[in-house]
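Okay, structure first, notes after.
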Number of protein chains: 2
Amino acid sequence: MITLTEENYIKAIYHLGKYGAHNVSTNAIAKEMETKASSVTDMVKKLSEKGYADYKKYQGVTLTEEGKEIALSIVRKHRLWEVFLVDHLNFSWDEVHEVAEQLEHIKSKKLIEQLDAFLGFPTHDPHGDPIPDKSGHIKKIDKILLSEAQVGHRGICVGVKDSSSNFLKYLDKNSIALGTEIEIIHREPFDHSITIQANNKELIISNLIANNLFIRVS
Amino acid sequence: MITLTEENYIKAIYHLGKYGAHNVSTNAIAKEMETKASSVTDMVKKLSEKGYADYKKYQGVTLTEEGKEIALSIVRKHRLWEVFLVDHLNFSWDEVHEVAEQLEHIKSKKLIEQLDAFLGFPTHDPHGDPIPDKSGHIKKIDKILLSEAQVGHRGICVGVKDSSSNFLKYLDKNSIALGTEIEIIHREPFDHSITIQANNKELIISNLIANNLFIRVS
DNA sequence: AATAATTTTTAGACTAATCTAAATTTTATT
DNA sequence: AATAAAATTTAGATTAGTCTAAAAATTATT
């Protein structure tokens with residue numbers, strides 16, 4: 001049987017290793033999990049013994065196929081619950097994370113499949129992140145960061161990279177949501193801030209903001 | 001902070017102490033929790049130190065007001081989730097318990113209040129058990145066990161005492177559900193089995209069955 | 001009232017997960 | 001290549017919850 005703590009470590013390793021298949025470092029996991037490196041060492045040894053991860057001393061860790069499957073099932077549950085909270089329980093996109101962190105550990109195959117059906121088999125969560133299907137497959141859409149878009153181009157907002165409450169509240173305040181049409185009017189060479197047109201209004205956003213907003217160019 | 005295990009002990013003490021305010025014995029808790037008496041002793045000491053229970057050596061344990069509040073909030077969550085599973089996720093009443101046991105520990109005030117509203121503020125769960133309101137108040141209905149009903153009387157089924165899967169499946173098989181009209185035709189003196197009329201059919205049920213079905217006499 | 005049976009508690013050990021502090025290994029810098 | 005800095009691991013302790021086996025208290029029976 002897999003414990004809640006093991007699940008959380010597997011999820012952390014998955015998220016840290018997502019881009020590029022390189023080994024995830026002990027310190028990186030410790031930072032992500034807000035724990036100490038020594039605790040991480042103990043746990044990755046255990047995950048390795050149980051067959052969820054490959055670990056060699058001082059060399060970092062990667063997930064095995066079994067580990068990845070577990071990670072994807074947790075991600076799937078997390079994102080489906082987020083959709084439920086936003087679509088049916090009046091949560092806003094900056095409120096869902098904490099609760100979904102708890103709900104993602106509920107174990108019941110029937111529950112999650114019925115929930116999926118109840119929600120209409122959504123493909124993306126409220127932050128635009130893709131929801132793995134029953135067999136763990138993720139449908140990728142070609143999105144780019146707003147900071148990488150060229151002046152003159154237009155696209156629609158399809159996701160956020162950072163989903164911290166502060167960032168999401170900033171977007172709400174400026175009427176930027178998933179589906180919002182955005183045109184890049186001007187990029188300021190000095191600070192890389194960007195002037196965009198959205199909701200028929202011009203808005204200047206900092207490079208940091210632009211670096212955390214995904215659009216699909218149309 | 002209260003742990004998951006503490007919550008489960010509090011819930012067990014609540015359920016065992018529900019009828020009559022007498023002290024709950026160590027052995028009774030051990031049986032309910034499927035654990036050893038020595039573990040129970042340790043835990044009730046801890047609950048007592050934390051202010052959730054009153055405990056005196058060899059004398060059993062009762063919940064404090066704070067303990068009762070916690071118990072009621074867990075019961076409320078459990079039963080609301082059961083309604084959700086049955087009403088919206090196609091679970092049958094014999095499948096909900098295990099999953100609700102997990103969901104009842106999710107901590108989020110907003111979640112449970114929004115869920116309550118989403119479900120239309122239900123007053124009873126799929127087994128006919130009352131759902132405590134936000135402030136822990138339970139609305140009691142006057143129900144009696146079918147085994148206590150008099151021959152000739154009629155009523156509607158409003159709850160089950162046992163909610164084990166086997167019992168609930170028996171009821172399904174015999175088309176008895178919450179809301180079913182039942183008339184007591186005959187009681188057999190020898191084994192206390194009862195002949196009832198339900199769904200326009202006569203049915204003989206054992207005393208054990210009759211002892212686990214609640215009706216409201218009409 | 002004494003003894004037997006049952007219940008409950010205590011003592012001590014175990015596992016999972018964590019931590020601090022020290023030791024070791026790897027990586028970076030001179 | 002030697003040394004300094006950073007990252008990682010080990011050793012040993014701690015907490016929550018559990019267990020077995022033995023001791024103590026309560027309850028039942030003669």
Side-chain angles (χ1 to χ4, degrees), chain A residues 1-17 20 22-63 66-67 70-71 74 101-102 104-105 107, chain B residues 1-17 20 22-63 66-67 70-71 74 101-102 104-105 107:
Chain A
M1 199 48 203
I2 190 163
T3 69
L4 189 142
T5 313
E6 285 166 1
E7 286 194 350
N8 281 329
Y9 272 93
I10 289 173
K11 191 177 54 146
I13 296 167
Y14 173 79
H15 283 306
L16 292 167
H22 52 285
N23 291 2
V24 176
S25 78
T26 302
N27 263 1
I29 299 170
K31 195 181 166 194
E32 174 85 7
M33 304 274 304
E34 297 179 25
T35 186
K36 301 293 166 176
S38 54
S39 307
V40 174
T41 302
D42 286 346
M43 183 53 78
V44 295
K45 276 184 191 168
K46 196 177 153 200
L47 293 178
S48 193
E49 274 165 28
K50 286 199 171 189
Y52 305 138
D54 288 320
Y55 163 69
K56 280 200 219 74
K57 269 195 200 177
Y58 296 101
Q59 301 311 126
V61 68
T62 52
L63 292 178
E66 194 186 352
I70 293 167
I74 299 170
E101 288 278 295
Q102 299 178 62
E104 72 189 6
H105 298 290
K107 282 168 187 53
Chain B
M1 200 49 201
I2 190 162
T3 69
L4 189 143
T5 313
E6 285 166 1
E7 286 194 350
N8 282 330
Y9 271 93
I10 289 173
K11 191 177 53 146
I13 296 167
Y14 173 79
H15 283 307
L16 293 166
H22 54 286
N23 292 2
V24 176
S25 78
T26 301
N27 262 2
I29 299 169
K31 195 180 165 194
E32 174 85 8
M33 303 274 303
E34 296 179 27
T35 185
K36 302 291 167 180
S38 54
S39 307
V40 174
T41 301
D42 285 347
M43 183 53 79
V44 295
K45 275 183 192 167
K46 196 179 154 200
L47 293 178
S48 193
E49 273 165 27
K50 286 199 171 188
Y52 304 139
D54 289 318
Y55 164 69
K56 279 200 220 72
K57 268 194 198 179
Y58 295 101
Q59 300 312 126
V61 68
T62 51
L63 293 178
E66 195 185 352
I70 292 167
I74 299 170
E101 288 277 295
Q102 299 178 61
E104 72 189 5
H105 298 290
K107 282 168 188 55

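Chain A is the first sequence line, chain B the second, and so forth, proteins listed ahead of strands; every chain is numbered from 1. Keep in mind that the numbers below use all heavy atoms, side chains included, and drop hydrogens, waters and symmetry copies.
Here the nucleotide nearest the side chain of B/Thr3, chosen from D/dA16, C/dC19, D/dT18, is D/dA16.
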Item checked: Step-by-step side-chain contact (heavy atoms from CB on, under 4.5 Å) determination, B/Ile2 to B/Ile70 -> CA-CA 10 Å; B/Ile2 190 162; B/Ile70 292 167; 3.9 Å; yes
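Minimum heavy-atom separation, B/Ala37 to B/Ala30: N-CB, 3.8 Å.
For A/Asp42, there are no side chain to side chain contact (heavy atoms under 4.5 Å, CB included) partners, not counting sequence neighbours. Residues passing the side chain to side chain contact (heavy atoms under 4.5 Å, CB included) test with A/Lys45 are A/Thr41, A/Tyr55, sequence neighbours excluded.
Rounding to whole angstrom units, CG of residue B/Leu4 and C1' of D/dT15 are separated by 17 Å. Counting to the nearest Å, the P atom of C/dA16 and the NZ atom of A/Lys45 are 15 Å from each other. Regarding A/Asp42, its CG atom lies at a distance of 10 Å from the P atom of C/dC19, rounded to whole Å.
Listed by residue number, the members of residues 27-38 of chain B with any heavy atom below 4.0 angstrom from DNA chain C are B/Asn27, B/Ala37, B/Ser38. For residues 49-59 of chain A, proximity to DNA chain D is found at A/Tyr55, A/Lys57, A/Tyr58, defined as any non-hydrogen atom under 4.0 angstrom from a strand atom. A heavy atom lying under 4.0 Å from DNA chain C marks none of the residues of residues 6-14 of chain B.
Within the structure, salt bridge (Lys or Arg N to Asp or Glu O under 4.0 Å) pairs that include any residue of residues 28-40 of chain B do not occur (at least two apart or interchain).
Judged by distance alone, with hydrogens and angles left aside, the side-chain atoms of A/Asn23 form no donor-acceptor pair with the main-chain N or O of A/Thr62 at under 3.5 Å.
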Using atom types as modelled, flag every donor-acceptor pair under 3.5 Å from a side chain in residues 3-16 of chain B to any protein atom, sequence neighbours excluded.
residue: B/Thr3; atom: OG1; partner: B/Glu6; partner atom: N; Å: 3.1
residue: B/Glu6; atom: OE1; partner: B/Thr3; partner atom: N; Å: 3.0
residue: B/Glu6; atom: OE1; partner: B/Lys50; partner atom: NZ; Å: 3.3
residue: B/Glu6; atom: OE2; partner: B/Lys46; partner atom: NZ; Å: 2.8
residue: B/Glu6; atom: OE2; partner: B/Lys50; partner atom: NZ; Å: 3.0
residue: B/Glu7; atom: OE1; partner: B/His105; partner atom: ND1; Å: 2.6
residue: B/Glu7; atom: OE2; partner: B/Lys107; partner atom: NZ; Å: 2.9
residue: B/Asn8; atom: OD1; partner: B/His105; partner atom: NE2; Å: 3.0
residue: B/Lys11; atom: NZ; partner: B/Glu101; partner atom: OE1; Å: 3.3
residue: B/Lys11; atom: NZ; partner: B/Glu101; partner atom: OE2; Å: 2.9
residue: B/Lys11; atom: NZ; partner: B/Glu104; partner atom: OE2; Å: 2.7
residue: B/His15; atom: ND1; partner: B/Lys18; partner atom: NZ; Å: 3.2

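A/Thr26 comes within contact range of the sugar-phosphate backbone alone, with a heavy-atom separation under 4.0 Å but no base atom that close. Within the 4.0 angstrom heavy-atom criterion, base atoms lie near A/Thr41.
At least one side-chain heavy atom of B/Val24 sits less than 4.5 Å from a side-chain heavy atom of B/Ile29.
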